[in-house]
Amino acid sequence: MAAPALGAHVDQADPITAATERGATIAQFFLGDPQGYKGPEWEYPGGAEALRADAEAAGIELYVHAPYLINVATTNNRIRIPSRKLLQQHMDAAASIGAKGLIVHGGHVNKADDPEKGFDNWRKAVEATDIKIPLLIENTAGGDNAMARHLDRIGRLWEAISGAEGFEDVGFCLDTCHAHAGGNDLSRIVDDVRAITGRIDLVHCNDSRDEFGSGADRHTNLGSGLIELEQVAAVVKAAGAPVIVETPGGLEGQSADLDWLREQLA
């Protein structure tokens with residue numbers, strides 16, 4: 001089996017050069033402020049059309065990460081409704097550059113809410129979204145009422161959305177830092193997730209600065225955190241999906257992480 005494609009989360013101003021400098025074939029980035037509702041913004045010279053053409057010419061695959069504040073699960077209308085709008089805007093923008101997927105966090109409901117409302121809101125969001133490229137739901141690190149932290153919740157989420165129109169274009173992004181911090185056994189996580197979703201479309205390969213089960217989402221470079229490197233390598237190999245590092249250190253730090261991954265996958 002061929003080794004999976006490798007990439008990094010980089011700045012959108014010139015993701016093609018950033019990927020090439022890292023020896024990667026994938027670039028992931030935000031389109032605009034990850035903490036804002038303003039909508040997609042283009043920094044690449046020539047905009048979407050040029051980015052798509054240049055990426056294709058360079059053999060670089062693109063992934064877009066949706067803003068962090070999108071929460072389509074919440075019962076708060078003032079968050080859920082703008083979240084759905086923003087999700088569609090980023091879906092349209094990501095499709096316009098030929099991205100391989102749009103990654104979005106699973107979101108959460110409030111402490112006093114019934115989680116079932118969140119799962120049903122996700123079903124409604126899938127049905128309301130014109131899904132043009134794969135929508136990849138990512139597991140999250142923290143929150144007692146998160147939709148995609150614990151395996152039982154991921155299971156309920158998948159049950160809820162499985163009957164939604166457009167579900168065939170929904171996939172899963174597995175983040176190693178989030179799984180560790182979320183209290184999930186990395187030695188079993190690939191099998192456990194596949195048993196629920198039937199698929200893993202993308203791996204976010206990150207070490208964690210915090211203890212197992214901490215609920216803290218703080219990435220660090222591979223080997224610099226509290227996840228055993230053997231577990232990281234095992235997850236990547238078992239998943240067999242494209243891999244993106246979302247680690248600090250810029251070119252130097254991410255290049256070292258990608259070099260280590262290449263050694264493991266050789």
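As the structure is a prediction and not an experimental result, all values here were calculated from the model.
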field: With His150 via side chain to side chain donor-acceptor pair (under 3.5 Å) - residues at least two apart
entry: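 Testing His150 for side chain to side chain donor-acceptor pair (under 3.5 Å), a comparison that skips the adjacent residues, returns none.
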message: Checking Arg188 now: which residues fulfil side chain to side chain donor-acceptor pair (under 3.5 Å) with it, not counting sequence neighbours?
response: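 Side chain to side chain donor-acceptor pair (under 3.5 Å) list for Arg188, sorted by chain: Asp192.
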- prompt: With Asp92, which residues qualify under salt bridge (Lys or Arg N to Asp or Glu O under 4.0 Å), at least two apart?
  reply: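 Listed in chain order: Lys132.
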Scan the side chains in residues 96-111 for donor-acceptor partners under 3.5 Å anywhere in the protein, sequence neighbours excluded, and list what turns up.
from   : atom 1 : to     : atom 2 : distance (Å)
Ser96  : OG     : Ala93  : O      : 2.6
His105 : NE2    : Glu138 : OE1    : 3.3

Less than 3.5 Å apart, which donor and acceptor atoms pair up between the side chains of residues 221-228 and the rest of the protein, not counting sequence neighbours?
from   : atom 1 : to     : atom 2 : distance (Å)
Asn221 : ND2    : Pro248 : O      : 2.8
Asn221 : ND2    : Asp257 : OD2    : 2.9

message: According to ring pair (Phe, Tyr, Trp, His ring centres under 6.0 Å), does anything in residues 240-266 pair up with another residue at least two apart or in another chain? List the pairs.
response: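 Every candidate ring pair (Phe, Tyr, Trp, His ring centres under 6.0 Å) pair involving residues 240-266 fails, so no pair, neighbours aside, qualifies.
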Kindly list each side-chain donor-acceptor pair under 3.5 angstrom involving residues 17-24, sequence neighbours excluded, with atom names and distances?
from  : atom 1 : to     : atom 2 : distance (Å)
Thr17 : OG1    : Asp14  : OD1    : 3.2
Thr17 : OG1    : Asp14  : OD2    : 2.7
Thr20 : OG1    : Ile16  : O      : 2.9
Arg22 : NE     : Gln254 : OE1    : 2.6
Arg22 : NH1    : Ala18  : O      : 2.9
Arg22 : NH2    : Gln254 : OE1    : 3.3

Show every donor-acceptor pair shorter than 3.5 Å between a side-chain atom in residues 157-165 and any protein atom, with sequence neighbours excluded, or say none if there are none.
from   : atom 1 : to     : atom 2 : distance (Å)
Glu159 : OE1    : Arg156 : NH1    : 2.7
Ser162 : OG     : Trp158 : O      : 3.4
Ser162 : OG     : Glu159 : O      : 2.9

query: Which pairs count as side-chain hydrogen bond (donor to acceptor under 3.5 Å, both in side chains) when at least one residue sits in residues 39-50, sequence neighbours excluded?
result: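 For residues 39-50, and leaving out neighbouring residues, the side-chain hydrogen bond (donor to acceptor under 3.5 Å, both in side chains) pairs sorted by first residue read Lys38-Glu41, Tyr44-Asp54.
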- prompt: Do any pairs count as a side-chain hydrogen bond (donor to acceptor under 3.5 Å, both in side chains) and have a residue in residues 76-87, sequence neighbours left out, and if so which ones?
  reply: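 As it turns out, the side-chain hydrogen bond (donor to acceptor under 3.5 Å, both in side chains) pairs with a partner in residues 76-87, which skip direct neighbours, are Asn77-Arg80.
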Partner residues of Pro115 under the side-chain contact (heavy atoms from CB on, under 4.5 Å) criterion, sequence neighbours left out: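 Pro115 satisfies side-chain contact (heavy atoms from CB on, under 4.5 Å) with Phe119, Asn145, Met147, Arg153 only.
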message: Starting from Phe30 and following side-chain heavy-atom contacts under 4.5 Å between hydrophobic residues (I, L, V, M, F, W, Y), which residues can be reached?
response: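 Tyr68, listed by chain and number.
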message: Consider side-chain contact (heavy atoms from CB on, under 4.5 Å). Of Thr247, Ile244, Val235, Val232, which one does Cys205 pass it with?
response: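 Passing option: Val232.
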